[in-house]
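So you know, we letter chains A, B, ... as the sequences are listed, proteins then strands, and number each from 1. Please read these numbers as outputs of a predicted model, since none were measured by experiment.
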Amino acid sequence: MEMQAFLPYTVLLSLLLPLFSGVSIGLFCQREITAVRISVGVMLLSTVAALVSLVLFYLGNAAFYDVFLFSWITIGDFSCDMGLWIDGLSVVMLFMVSLISVLVHWYSIAYMQDDSGFIRFFSLISLFTFAMMQLVMTNNLLGLFFGWEGVSLFSYLLIGFHFAKDSASAANLKAFLMNRFGDMAFCLGIALLIVSVGSPQYRELFSRMPDLVPETLLIPGLGVVSTVFLTGLLLFIGAMTKSAQMPLHMWLPDSMEGPTPVSALIHAATMVTAGVFLLCRFADLIVLSPILMNCIAFVGASGALWLGILALFEFDIKRIIAYSTLSQLGYMTLAVGVGAFNLAIFHLLLHAIYKALLFLAAGSVIHALAHQQDIRQMGGLWSKMPITAICFLFGALSLSGIPPFSGFYSKDLILFVAAKQAVSLQAGWYIYGCALLGFLITPLYIFRVFWVVFLGRPRYVTRTPVYESPMQIVGPLMILGVLCLLSGYVLLPFFAGASPFFQFPLLSPALQPLQQKVIDVVAHGLFLHAIFGLGLYFALFGIIVSWLRYSTPHYASQWMTTHVWWLSWPFVNRYGFDWCLENIIVPFFRVSASVCSQYGEQVMIDQTIESRVAGRIQGISHWFSRIQTSYLNRYFAVMSLAIMIMIAGSLMGYNIV
Amino acid sequence: MDWILIIVVSVLFVITACVGMIINQRNLIVMLLCAELLFLAANLNFIVFSRLHQDFHGQVMVIFVLAAAAAESAIALALFVLMYRQYHSVDTKLLSNIRG
């Protein structure tokens with residue numbers, strides 16, 4: 001009898017507790033204090049259960065556990081069994097989700113206290129946590145799809161939490177519709193996988209993955225395509241919308257309409273990383289197609305640089321951090337693209353911690369300044385809110401990749417791997433260049449926020465004096481700040497050491513030397529390696545440049561946009577993606593909708609079917625309705641006549657009944 | 001050949017009941033009586049055939065049918081009472097809301 005026998009139960013406990021609290025609060029809870037007690041208490045229990053699962057899994061020897069729970073669908077020889085897929089990846093994600101979630105729950109008590117939808121808020125974030133955990137823990141594709149749609153739904157409901165506000169309801173619609181586009185591709189990818197493997201279970205999928213290599217599909221109009229490439233591409237498009245990669249990223253900055261704890265939990269730490277998680281989960285599939293890997297690296301690197309630059313042209317504190325999230329998601333996708341899946345997950349975890357910290361610290365500032373989000377209306381908060389300021393600084397240093405803060409470890413390794421792989425990739429130098437310049441841009445925009453918000457002269461106008469936020473707000477900040485300082489150093493051996501915590505089972509042989517190089521670098525000391533690299537100097541240079549540029553009273557000068565407008569024009573217009581969406585794609589659908597409405601609805605249905613066909617039927621039925629005399633004895637007469645005819649018929653030998 | 005006679009009686013019951021049901025235009029209580037007559041005819045057949053086949057199941061069935069008929073007529077009469085309170089009559093013509 002081993003301790004690992006308890007593993008399914010602890011995972012299941014961790015998974016179902018948020019569901020219980022979300023449903024019970026949403027349906028039955030009337031009082032705010034009860035909602036807080038239930039949801040925070042239950043999330044705390046769930047986090048403990050997740051931590052126990054993590055430890056139990058680490059102490060065990062198995063590479064994965066496939067736990068059967070119940071048989072969900074059986075149709076012919078297709079069957080789908082619900083269950084848990086417990087491996088390093090899923091257990092780590094489970095713990096990360098529950099940890100960030102419990103801190104965000106705690107933080108929201110004070111942050112949301114004046115809001116009328118307080119109970120609804122707690123119910124929704126608990127249910128979101130459940131959906132996210134289901135997404136990471138499931139052992140089949142349909143369960144994955146269920147979790148995937150679940151997080152979309154709760155993200156939609158939480159972005160539009162203040163649904164009476166026009167901008168919020170527009171933003172949640174935008175997020176939802178853009179995610180539907182990706183889900184269409186994701187759905188097709190799942191269907192293709194199920195059809196080509198014959199089962200939605202991970203166990204069969206992963207074991208039969210190499211058999212798929214020679215298979216091809218004939219697509220009318222496109223010719224013969226390799227199944228692996230097409231499936232991987234469809235899954236990647238799904239991941240692109242969920243993780244807001246370059247051409248499909250427009251929904252994420254707008255989603256900042258949601259309350260700040262939601263931005264921290266959903267749009268920084270957990271849901272947007274689901275795409276990266278998906279790519280790592282299907283690492284076995286993706287490594288089989290080098291072209292696809294190259295595409296992924298290209299998209300990721302482009303996002304890491306170009307979307308980061310946009311943060312420099314924003315003045316809304318939350319939108320700046322949202323663009324920073326886009327840039328960091330680009331780094332994770334880049335890591336997947338160059339084959340360093342464990343580094344992608346490493347960066348994902350560290351990013352979840354420091355980005356949640358940055359969002360929550362920004363929320364603390366916004367809360368103190370009575371919902372002011374424009375950084376031009378802040379300033380000089382260092383002395384007023386010292387704890388928030390220090391925590392924000394920790395987050396900013398992590399994000400910039402300054403040792404010993406957490407972001408340094410993952411970003412430096414990702415840059416190293418990108419440099420090693422650049423020679424063998426198409427457009428490799430562009431990919432490496434983007435990753436490297438991203439190191440310069442990141443501190444530039446995040447320290448811009450820091451200098452402008454916390455230093456200089458106070459520029460805010462509030463009715464009441466500004467104080468440090470209450471313990472419920474700075475408590476989670478301090479915990480996350482300490483984690484920022486420690487997590488990189490502590491977690492490094494598990495993700496990049498000689499015996500990595502999770503092994504992606506079938507890494508292609510081409511990637512194994514790379515893995516070995518990463519291990520060597522870590523063994524010789526990462527800091528030493530960074531001193532002889534470029535990334536660290538780029539980051540320090542970025543901090544200095546942003547100090548020179550933004551710590552002055554001219555921080556908001558419009559010199560660039562007025563004098564060299566041709567240079568800043570693409571950035572101010574966000575490369576025209578939003579313009580495209582508003583002036584090409586949306587009008588296209590509006591026109592097709594109005595054509596459908598004109599000819600489909602009005603001509604076909606209203607004029608033809610409703611007035612002609614329905615009118616005729618109405619006439620006939622009016623004639624028939626005269627049979628209904630409502631006299632019981634006539635009904636009885638008809639009934640007995642019918643019975644007599646039936647009896648007579650059967651006596652004459654007709655088989656009527 | 002006694003049983004043939006009894007069958008004939010039961011067929012007469014059925015015919016009487018049907019005719020009574022159809023030609024009676026108004027009175028709900030008469031309709032109920034006719035329905036009871038139909039039950040009676042069926043019961044008579046049960047008894048005859050159970051005797052003929054030397055099988056007690058038919059006679060047991062009769063008891064059940066009687067119980068069901070009693071319950072049914074109790075419900076029907078209660079409904080008639082309610083209807084009488086509403087309309088001060090048990091005329092079927094009054095129940096014609098669903099006329100097409």
Side-chain angles (χ1 to χ4, degrees), chain A residues 23 27-28 30 74 593-657, chain B residues 4 7-8 10-46 48-49 65 69 72-73 75-84 86-87 89-100:
Chain A
V23 170
L27 292 181
F28 307 116
Q30 301 287 330
T74 309
S594 70
V595 166
C596 287
S597 153
Q598 182 67 39
Y599 293 99
E601 171 86 20
Q602 288 175 12
V603 173
M604 285 281 291
I605 295 178
D606 286 4
Q607 289 172 18
T608 311
I609 297 183
E610 193 177 312
S611 47
R612 305 258 170 82
V613 180
R616 187 63 52 81
I617 290 174
Q618 207 169 20
I620 296 171
S621 74
H622 185 70
W623 188 80
F624 269 111
S625 75
R626 275 191 264 163
I627 296 173
Q628 305 288 339
T629 55
S630 92
Y631 294 142
L632 283 178
N633 43 16
R634 293 194 193 165
Y635 289 176
F636 185 81
V638 172
M639 224 160 71
S640 31
L641 198 68
I643 291 172
M644 269 185 242
I645 291 171
M646 275 153 68
I647 291 171
S650 61
L651 286 178
M652 285 155 69
Y654 296 107
N655 191 5
I656 296 175
V657 185
Chain B
I4 293 268
I7 296 285
V8 167
S10 81
V11 168
L12 282 178
F13 276 5
V14 170
I15 290 171
T16 315
C18 288
V19 170
M21 197 80 103
I22 291 165
I23 66 171
N24 160 46
Q25 295 279 342
R26 313 191 76 96
N27 200 337
L28 268 175
I29 295 185
V30 174
M31 293 182 96
L32 179 68
L33 286 178
C34 294
E36 293 297 322
L37 214 56
L38 281 174
F39 277 114
L40 208 61
N43 278 346
L44 221 50
N45 279 2
F46 267 123
V48 170
F49 288 114
V65 171
E72 174 254 318
S73 53
I75 292 169
L77 285 169
L79 287 173
F80 296 165
V81 169
L82 284 180
M83 185 188 167
Y84 188 80
Q86 194 86 24
Y87 297 103
S89 156
V90 286
D91 189 348
T92 54
K93 295 244 153 95
L94 293 172
L95 301 174
S96 60
N97 291 334
I98 61 159
R99 178 180 304 179

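With a 4.5 angstrom heavy-atom cutoff, B/Met31 touches chain A only via side-chain atoms. Neither the backbone nor the side chain of B/Leu94 comes within contact range of chain A; no heavy atoms are under 4.5 Å apart.
Nearest heavy atoms, A/Asn633 versus B/Asn24: ND2-O, 2.6 Å.
Residues of residues 634-643 of chain A lying under 4.5 angstrom from chain B, judged on non-hydrogen atoms, are A/Tyr635, A/Phe636, A/Ala637, A/Ser640 in numerical order.
For the side-chain contact (heavy atoms from CB on, under 4.5 Å) test, residues two or more places apart in sequence or in another chain that qualify with A/Asp606 are A/Glu601, A/Gln602, A/Glu610.
Counted within 6.0 Å of CZ on B/Phe49, heavy atoms from surrounding residues, nucleotides or ligands total more than 12; the atom is thus considered enclosed.
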